There are 2 protein chains.
Amino acid sequence: MGRPSVQDQRKKEVLDAFMTCVALYGVEGATLEHIAAEAGLKRPLIRHHLGNRKAMVLALGEHIADTLSSQSEMLRVALEDHPGVRNLIEALFNSDGELDPRINICYQALVNSVENYPELRKPLLDSMETFYKVAINIVLASHPNADKQACEIVAHGIVNLFITTDAFIPLKPPKTWGYSSYFAALKLAETLETKS
Amino acid sequence: MGRPSVQDQRKKEVLDAFMTCVALYGVEGATLEHIAAEAGLKRPLIRHHLGNRKAMVLALGEHIADTLSSQSEMLRVALEDHPGVRNLIEALFNSDGELDPRINICYQALVNSVENYPELRKPLLDSMETFYKVAINIVLASHPNADKQACEIVAHGIVNLFITTDAFIPLKPPKTWGYSSYFAALKLAETLETKS
DNA sequence: AAGTAAACTGTCAAGTTAGACAGTAAACTA
DNA sequence: TAGTTTACTGTCTAACTTGACAGTTTACTT
């Protein structure tokens, strides 16, 4: 049967290194050399595992989408026993390093490359949609009497506020920026309380 | 006195082309060839006007920061006679093409490059701060009796919701995404009404 | 121990990119 | 018209980047 394949594992490692480089240099700036150095491998190995550049970018798109989707699932499971909008907000804003900020940065970089790699659009769109869906369901579950549309809007808003906060991380902004988004999310959540 | 200088004008044109390319290919992916083609000039001219690559990136940082600041000023002036949070939200979300979405995309790309170009941090931080300040003052002006901190939070929230909406534009998302941010911003604004 | 399938390495060729600089053309002044 | 300043072009070099592929090593099977 020959040497055992570590392709699945290696692929993940390389994609992780790719993710780091895209976050730092942008999609086209993440060269094979950068990725190889980051992954601790020789350059030709990158190609061996992920194929040529286009295949790599598309694989990264799938990877980011999968990661976002599985993070959504983790969020859903984590809040299954402790529902409540409040807990959703805490999970998003006060998850100390549990949610990898590279994913958001990388996601944005890929979004901006959709024109060059149209195949990226669907996975990116779908994975964000599931993220929103999870948030919406959490909000709906904790406010069964509230207006359905209002819940969707609040959920979208909370997620979007989180996204912006995450996007500013490389800037090392004053803490007030993060706090404001956090409190704005809480305010949004409160709009459901008063109506119920 | 020799041939009249068009440097100021050309510089702006080249920076505009640079902005377009960064939005499309990322900071490191925006090559001189791309920029030259976009600007309709020969490659060496880019260098003539903006200097080497590092100088170009820093110049773009200043340019984006200046543009953001002047857009903030325009917003301030436009809403001077028609204050009100509602009008702020309309101006942000329903400005049909008046606010260039490339600026936001480019801003994000530059934020992610702060580690490679540390000098970018200050202008990016300062210009976003003035954007927030303008929004805060508009909110404060229309709700003089409301809690000051609440106004700041709402203003931050509205701006951040707008930023996320703008960031998704290259994805061509379903209209509901944009609407949700818009309505979430309105809901945030309403939290001030009920308390006054 | 021989066979084998996969991971891994070394290296070359083609294309692209940034940087540098000499030189030309254009638009003004005296 | 001569001089001057600036915009602009052509072109060379060095470095970088991707793609390709032959060859080696590793780890498992029979």
Side-chain angles (χ1 to χ4, degrees), chain A residues 1-61 63 109-110 113 115-117 119-120, chain B residues 1-61 63 109-110 113 115-117 119-120:
Chain A
M1 272 286 212
R3 183 172 177 167
S5 174
V6 292
Q7 192 137 32
D8 288 351
Q9 174 62 17
R10 275 285 174 288
K11 204 167 173 176
K12 276 183 191 166
E13 289 173 16
V14 175
L15 282 171
D16 198 71
F18 194 11
M19 192 160 80
T20 302
C21 292
V22 168
L24 274 174
Y25 307 106
V27 173
E28 300 304 322
T31 67
L32 291 177
E33 295 288 355
H34 279 143
I35 300 163
E38 181 69 30
L41 300 171
K42 301 285 176 175
R43 184 175 65 80
L45 254 192
I46 309 292
R47 182 181 163 70
H48 175 67
H49 287 296
L50 289 190
N52 67 9
R53 182 147 254 281
K54 189 183 174 186
M56 284 176 65
V57 174
L58 298 186
L60 183 64
H63 184 238
L110 289 172
S113 296
E115 196 143 334
N116 305 109
Y117 303 92
E119 299 96 325
L120 285 173
Chain B
M1 268 291 206
R3 182 171 178 167
S5 175
V6 291
Q7 192 137 32
D8 289 351
Q9 174 62 16
R10 275 284 175 289
K11 205 167 171 177
K12 276 182 192 167
E13 289 173 14
V14 175
L15 282 172
D16 197 71
F18 194 10
M19 192 161 79
T20 302
C21 292
V22 168
L24 275 174
Y25 307 105
V27 173
E28 301 304 321
T31 68
L32 291 178
E33 295 289 356
H34 279 143
I35 301 162
E38 181 69 31
L41 300 171
K42 300 284 177 175
R43 186 174 65 81
L45 254 192
I46 308 292
R47 182 181 164 71
H48 175 66
H49 288 296
L50 289 190
N52 67 11
R53 182 145 252 280
K54 189 184 174 185
M56 285 176 63
V57 174
L58 298 185
L60 183 64
H63 183 240
L110 289 171
S113 296
E115 196 144 334
N116 304 110
Y117 303 92
E119 299 96 325
L120 285 173

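The sequence lines fix the lettering, A, B, ..., with proteins before strands; numbering per chain opens at 1. The figures here come from the full heavy-atom set of this structure, side chains too, leaving out hydrogens, waters and symmetry mates. In this text the structure is predicted, and so the values were computed from the model without any measurement.
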Contacts of type salt bridge (Lys or Arg N to Asp or Glu O under 4.0 Å), residue A:Glu38, not counting sequence neighbours: none
Per-nucleotide protein contact string for nucleotides 13-24 of chain C, where B marks a base within reach and S marks sugar-phosphate only (heavy atoms under 4.0 Å, - for neither): ----SBBS----
Euclidean distance, atom CD of residue A:Gln9 to atom P of C:dA6 [Å, nearest integer]: 18 Å
So which atom in [X] and which in [Y] form the shortest heavy-atom distance, rounded to 0.1 Å?
X	Y	answer
B:Lys42	B:Ala36	C-CB, 4.0 Å
B:His34	B:Gly29	ND1-O, 3.5 Å
B:Leu24	A:Asn116	O-OD1, 3.0 Å

Residue-phosphate contact under 4.0 Å: A:His48 side-chain N/O, C:dC8 OP1/OP2: no
B:Leu32 vs B:Arg47 side-chain heavy atoms within contact, under 4.5 Å: no
Side-chain heavy atoms of B:Arg43 within contact of B:Ile35, under 4.5 Å: no
Residue from A:Val27, A:Leu50, A:Val22, A:Asn52 passing side chain to side chain contact (heavy atoms under 4.5 Å, CB included) with A:Val57: A:Val27
Identified side chain to side chain donor-acceptor pair (under 3.5 Å) partner of B:Gln9 from the options B:Gln7, B:Lys11, B:Lys12, B:Glu13: B:Glu13
Segment of DNA chain D, first to last nucleotide, that comes within the 4.0 Å heavy-atom reach of chain A: D:dT17 to D:dT29
DNA chain D: 5'-proximal contact among B:Val6 and B:Gly2 (nearest heavy atom): B:Gly2
